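Contents: one structure, followed by commentary.
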Amino acid sequence: PDADRLAVAVAVDDGYRLLSGNEIGILLCADALDHMPLPPGMKRKLVVTTIVSSTFLSRMAKDKGAAYAETLTGFKWIANKAMERASQDEHFACGYEEALGYSVGPLVRDKDGIGAAVRFAEMARALKERGQSVLDRLDELFVAHGLSHAVNWSVTMPGASGMERIKGAMAALRQGPPAALDGRKVDRLDDLSRSDPPADVVVLFTEDGARLTVRPSGTEPKIKMYCEMMARLSSRSEMAAARERLEAQGLRIKAEVNARLGL
């Protein structure tokens, strides 16, 4: 209602495909890294996202020689990071969170659905002029920098008893994290309650690049899980099979985690 977010649907043969928040963010950030001028005195461009958004942005930034930063959820953290890094001669090109919040360039230091919509429309027009669709461009980026596929879910547990169950689930993850997810060894755990600033978030990473982020909702009686798997592709012809394989992997992880936490 306050025009701070952006959603995009793409025409396909059988109707429309709604892009995810990560897909929109990936496209806007790639466009900014490719085409936004670097002002005099700035060393490099900066892209910023949040801990529950796709890991794709970190890979693309590295491949393109751009600066990258990751923040807690909430757009104030993205804007604050952009201003902080400007003092280090890094030019804020684009930032996003997967919940459909975007900001392109340093002018608006907050979510800006209007500016993002204009930039997305300009990008879509430029792609069409060279014979590409938005979906073509997404596939091109995934082949270049690695496919990221997300399986996200949440469990609602209302009332005081629900709050205690959510606290118990977070404590269980911290005290006895799984040794593996879908047979892949968990080789790292980040407990963000010990970070600065602290947050009630636990992140698990597997040896093959999958990431599971778990946190309570800040506004609803829910515990939220964000699972992302990654694959390297050599061509677009591998895309459909890779997505199907990663979706199945994500659903297996979902079942394991729900069972382990009693959800």
Side-chain angles (χ1 to χ4, degrees), residues 1 3-36 47 49-50 52-61 63-64 93-104 111-154 209-211 224-254:
D4 66 345
R5 297 177 193 262
L6 170 67
V8 177
V10 179
V12 292
D13 290 341
D14 57 350
Y16 287 91
R17 181 190 152 196
L18 190 65
L19 296 186
S20 72
N22 281 315
E23 289 172 329
I24 298 169
I26 285 166
L27 287 163
L28 287 171
C29 286
D31 183 69
L33 290 179
D34 288 345
H35 301 295
M36 181 179 289
V47 288
T49 192
T50 69
V52 298
S53 300
S54 176
T55 60
F56 177 90
L57 192 58
S58 63
R59 298 194 299 273
M60 181 171 67
D63 291 346
K64 290 179 177 289
C94 189
Y96 86 92
E97 56 184 1
E98 53 80 37
L100 302 178
Y102 312 93
S103 184
V104 181
K111 288 195 296 288
D112 175 23
I114 295 172
V118 171
R119 189 60 209 145
F120 199 98
E122 291 175 339
M123 176 190 64
R125 180 186 63 185
L127 288 172
K128 186 175 182 179
E129 287 174 352
R130 66 175 190 244
Q132 272 192 312
S133 70
V134 167
L135 298 180
D136 292 335
R137 178 58 175 150
L138 265 178
D139 285 354
E140 184 178 73
L141 289 168
F142 286 138
V143 170
H145 308 293
L147 173 64
S148 285
H149 183 79
V151 174
N152 301 334
W153 71 99
S154 63
R211 181 191 68 177
K224 294 186 171 185
M225 275 71 71
Y226 307 80
C227 185
E228 184 179 67
M229 291 69 57
M230 183 259 187
R232 290 287 182 180
L233 310 176
S234 58
S235 71
R236 289 183 65 184
S237 63
E238 302 172 16
M239 190 73 64
R243 286 185 185 278
E244 186 175 340
R245 175 171 54 83
L246 296 181
E247 176 74 11
Q249 180 185 349
L251 292 177
R252 290 192 297 269
I253 291 173
K254 174 182 177 179

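Keep in mind the model is a prediction, meaning the values are calculated, not measured. These numbers come from the heavy atoms of this one structure, side chains and all, not from hydrogens, waters or symmetry mates.
Screening residues 226-250 for ring pair (Phe, Tyr, Trp, His ring centres under 6.0 Å), with sequence neighbours left out, gives no hits.
In this structure, CG in Asp63 is found 10.5 Å from CG in Leu141, a value given to the nearest 0.5 Å. Separating the CG atom in Asp34 from the CE atom in Met36 is a distance of 11.0 Å, to the nearest 0.5 Å. Of the inter-residue distances, the one linking Leu6 atom CG with Ser103 atom OG reads 12.0 Å to the nearest 0.5 angstrom. Atom OG in Ser54 sits 6.0 Å away from atom CZ in Arg59 (nearest 0.5 Å). Taken to the nearest 0.5 Å, the CE atom of Met239 stands 4.0 Å off from the CG atom of Asp139. How far OG of Ser148 is from CZ of Arg243: 10.0 Å, rounded to the nearest 0.5 Å.
Enclosure of atom CG in Leu251 by more than 12 non-hydrogen atoms of other residues, nucleotides or ligands within 6.0 angstrom is indicated.
Side-chain N or O atoms of Arg5 include none that pairs as donor or acceptor with a backbone N or O of Leu100 at under 3.5 Å. Without hydrogens or angle criteria, Ser53 side chain to Glu98 main chain gives a donor-acceptor distance under 3.5 Å. Side chain of Asp136 to backbone of Ser133: a donor-acceptor contact under 3.5 angstrom is found. Checked by atom type and distance alone, the side chain of Arg245 never pairs as donor or acceptor with a backbone atom of Ala240 at under 3.5 Å.
Contact record, Ala116 with Val104: CA-CG2, 4.5 Å, taken as the closest heavy-atom pair. Shown here for Tyr102 and Gly21, the closest heavy-atom pair between the two residues is OH-O, 2.9 Å. The shortest non-hydrogen separation linking Glu238 to Arg232 is OE1-O, 4.4 Å. Contact detail for Ala210 and Met229: the closest heavy-atom pair is CB-CG, 4.2 Å. Contact detail for Thr55 and Ser58: the closest heavy-atom pair is O-OG, 2.6 Å. Among all heavy-atom pairs drawn from Cys227 and Trp153, the shortest one is CB-CZ3, 3.9 Å.
Salt bridge status for Arg137 with Glu140: present, with a side-chain N to carboxylate O gap under 4.0 Å.
The side-chain heavy atoms of Arg17 and Glu23, taken from C-beta on, include a pair separated by under 4.5 Å. No side-chain heavy atom of Leu27 sits less than 4.5 Å from a side-chain heavy atom of Val8. Taking 4.5 Å as the limit, some side-chain heavy atom of His145 sits within range of a side-chain heavy atom of Lys64. The side-chain heavy atoms of Gln249 and Val151, taken from C-beta on, include no pair separated by under 4.5 Å. Residues Lys224 and Asn152 fail the side-chain proximity criterion, which asks for heavy atoms closer than 4.5 Å.
Checking Ile26, Asn22, Thr50, Thr49 one by one against Leu57, the side chain to side chain contact (heavy atoms under 4.5 Å, CB included) holds for a single residue, Thr49.
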| field | Chi angles and distances behind the side-chain contact (heavy atoms from CB on, under 4.5 Å) call for Arg119, Cys94 | value | CA-CA 11 Å; Arg119 189 60 209 145; Cys94 189; over 6 Å; no
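Take Glu244 and apply the side-chain contact (heavy atoms from CB on, under 4.5 Å) test, not counting sequence neighbours, and it matches no residue. Remark: Phe142 pairs with Phe56 by the ring pair (Phe, Tyr, Trp, His ring centres under 6.0 Å) rule, at least two apart or across chains.
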